[in-house]
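See below for the structure under consideration.
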Amino acid sequence: MKAKNTLLKRLVIIPVICLPFFTFFFWGQNSCVKADSKNVYEDLETFSNVLHLLEMNYVENIDTEEVIEGAIRGMLTTLDPHSSYMKPEHYKELKIETKGSFSGIGIEITLEDGILTVVSPIEGTPAYKQGLQAKDKILKINGELTKDLSLMEAVKRLRGPKGSEVTISIHREGLNELKDVTIVRDVIPLISVKSRMVEPGYGYIRIRNFQAKTTKEFKEALEELEKEEELKGLLIDVRSNPGGLLDQAVKVSDIFLDEGMIVFTKGRLEDQNMEFKAHKNGKDYAFPIVVLVNEGSASASEIVAGALQDHNRAIVLGAKTFGKGSVQTVIPMKNGAALRLTTARYYTPDGTSIQATGITPDIEVPSITLTPGEIEKQEGQAMKFLREKDLRHHFTNGESELNSKQEKDEGDSSREEDVKGNEGDEKDAENGKEDNGEEENGAALDERMKKDYQLQQALLLLKGINVYNRMN
């Protein structure tokens, strides 16, 4: 059990894009699956011949190291959107994020058909305030084309000292020409949990992402809400939450579950097949729960929603989620680089893989925003999102394939912007408390709730459940 808990801390459900949640995982030689040696050697000989021809015949002298790195990156891009190679300088830079914050513009990005694409702006950041939207195509950064730019290189160019400017040229659906947006970089804090009472007796906890102290902050927020007033119901908001640490998703789910499966993983290797179960916590929360999700709820967010849904502990309300049901392992390499590799799929307690399909809410409510004039009509602007199934080279949930492979393996003796380092470093974790001035408490949430159709419906549902319980 101790060994499994240690491995749990090493694993991370990586978000769609570069976010500060990776872990280290050293892969021993005994964990490798043997390939067909003859075919591999023939292919390596071809690669060596091509490299030699480049060195001898290309019009200019080539940088051999750069060419080989390019070949490695190209090899990984043929797999899935979440596997990648990080050069030593990129890997080192990403580890800086474990300090709790970094300076940048605050967007979540991915590569869609080789084009740098915004998944979503992070709420309260410079990019959010400048009006960047999901599905915006970033074609230039400071006048330089982003074509063939790697995700890591794009992140590096978008970041910079606080107060410095960066100009991005975006293509947006409906625009006839590129739109230049100049953004002043600022500190992007890694704030995880926000909470408040939305109405007397009805608590609201928003999880922005799953960091090392998310469970601790969640429990503290829950205790504060209970001190304020006895809870009649709780809203857990994981909308537009791209994910994070697997162990934090498990622990948050475990707060409200006493037994049973929370999530399990299946991979090609035996030690990638793991189960994470709930246990008694000594406190029984009897109030009803509604989990808010949308198309931007991914990875660890989907684990929480799926676990509480399958155990009938919460009603999931909103739009179908992103659909990232894969686990990534970060493998440090001798040259200081690192390999981020998709190693397993994860499954909800009832055995469902949500890869490329997502969590289907119990009550589907579209993601729309309402203007003051639309509130009475309840008609609003549909929000735009990019989902896993939209990404190039995404893989399917492969349930039948994995199940048959699993049965075969059981008779054999063989066997997740962006680095999360030392989870026990209290100093690093405390730095994540730094705020960006966008408080989600008080008037800000009241104003947002007026336009938040999903939140309105979730609160109405909680009230309805309480009325029903009183009648029965």
Side-chain angles (χ1 to χ4, degrees), residues 14-19 70 73-74 76-84 90 102 104-160 164-186 188 239-243 294-299 319-324 340 356 358 367-369 381-394 417-418:
I14 299 296
V16 181
I17 46 68
C18 299
L19 289 178
R73 289 196 300 271
L76 290 167
T77 58
T78 66
L79 301 178
D80 70 281
H82 312 298
S83 296
S84 63
H90 292 157
F102 60 92
I105 65 174
I107 56 172
E108 301 162 9
I109 56 175
T110 189
L111 287 175
E112 182 183 9
D113 294 330
I115 301 173
L116 198 61
T117 305
V118 177
V119 175
S120 69
I122 300 172
E123 190 171 343
T125 62
Y128 181 87
K129 294 173 183 177
Q130 285 291 88
L132 262 65
Q133 299 177 9
K135 293 194 175 183
D136 282 349
K137 309 291 186 183
I138 303 178
L139 302 186
K140 294 181 181 180
I141 300 176
N142 285 333
E144 296 185 16
L145 292 173
T146 59
K147 181 177 170 56
D148 298 327
L149 200 64
S150 71
L151 201 58
M152 296 297 105
E153 185 61 33
V155 169
K156 185 177 180 180
R157 294 188 185 185
L158 290 170
R159 291 181 187 162
S164 61
E165 292 185 347
V166 59
T167 299
I168 60 175
S169 303
I170 63 171
H171 175 267
R172 180 178 297 168
E173 186 177 347
L175 297 180
N176 295 324
E177 56 185 21
L178 291 184
K179 178 180 180 180
D180 289 340
V181 182
T182 299
I183 304 173
V184 179
R185 298 182 178 98
D186 200 354
I188 309 299
R239 291 176 298 175
S240 299
N241 179 329
N294 67 1
E295 297 90 337
S297 302
S299 196
K320 184 175 285 190
T321 61
F322 184 84
K324 184 184 179 299
R340 179 178 67 176
S367 300
I368 59 175
T369 55
Q381 175 81 34
M383 299 172 69
K384 296 179 180 180
F385 288 93
L386 192 68
R387 300 180 67 230
E388 174 83 8
K389 67 178 183 179
D390 301 320
L391 302 181
R392 189 180 183 188
H393 294 313
H394 75 272
E417 107 180 344
D418 282 350

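The structure displayed is predicted, hence computed values, not measured ones.
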Please name the pair of heavy atoms, one in [X] and one in [Y], separated by the smallest distance, quoted to 0.1 Å.
{"X": "V118", "Y": "L132", "answer": "CG2-CD2, 4.5 Å"}
{"X": "P121", "Y": "A134", "answer": "CD-N, 4.3 Å"}
{"X": "R340", "Y": "P81", "answer": "NH2-O, 4.5 Å"}
{"X": "A319", "Y": "S367", "answer": "CB-OG, 3.7 Å"}
{"X": "A298", "Y": "F322", "answer": "CB-CB, 3.7 Å"}

Looking at residues at least two apart in the chain, or sitting in another chain, which of them share a side chain to side chain contact (heavy atoms under 4.5 Å, CB included) with [X]?
{"X": "I115", "answer": "T117, K137, L139"}
{"X": "T146", "answer": "L116, I138, I141, L149"}
{"X": "L145", "answer": "K140"}

What pairs with [X] under salt bridge (charged side-chain N to carboxylate O under 4.0 Å, His left out), at least two apart in sequence or on another chain?
{"X": "E177", "result": "none"}
{"X": "R185", "result": "none"}
{"X": "E165", "result": "none"}

Q) How about P126 and I188: do any of their side-chain heavy atoms sit closer than 4.5 Å? A)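 Heavy-atom side-chain distance check passes, below 4.5 Å.
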Q.
My understanding is that only residues two or more places apart in sequence, or in another chain, count here; which of them pass side chain to side chain donor-acceptor pair (under 3.5 Å) with D180?
A.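 Expected list: S169.
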Find the distance between [atom1] ([X]) and [atom2] ([Y]) and round it off to the nearest 0.5 Å.
{"X": "L178", "Y": "R172", "atom1": "CG", "atom2": "CZ", "result": "12.0 Å"}
{"X": "H171", "Y": "K179", "atom1": "NE2", "atom2": "NZ", "result": "13.0 Å"}
{"X": "H82", "Y": "L151", "atom1": "NE2", "atom2": "CG", "result": "11.0 Å"}
{"X": "T182", "Y": "Q130", "atom1": "OG1", "atom2": "CD", "result": "8.0 Å"}

Q) Looking only at side chains, do D186 and T125 share a donor and an acceptor under 3.5 Å apart? A)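 Looking only at side-chain atoms, T125 and D186 do not form any donor-acceptor pair under 3.5 Å.
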**Q.** Working for side chain to side chain contact (heavy atoms under 4.5 Å, CB included), residues I168 and L158
**A.** CA-CA 9 Å; I168 60 175; L158 290 170; 3.8 Å; yes
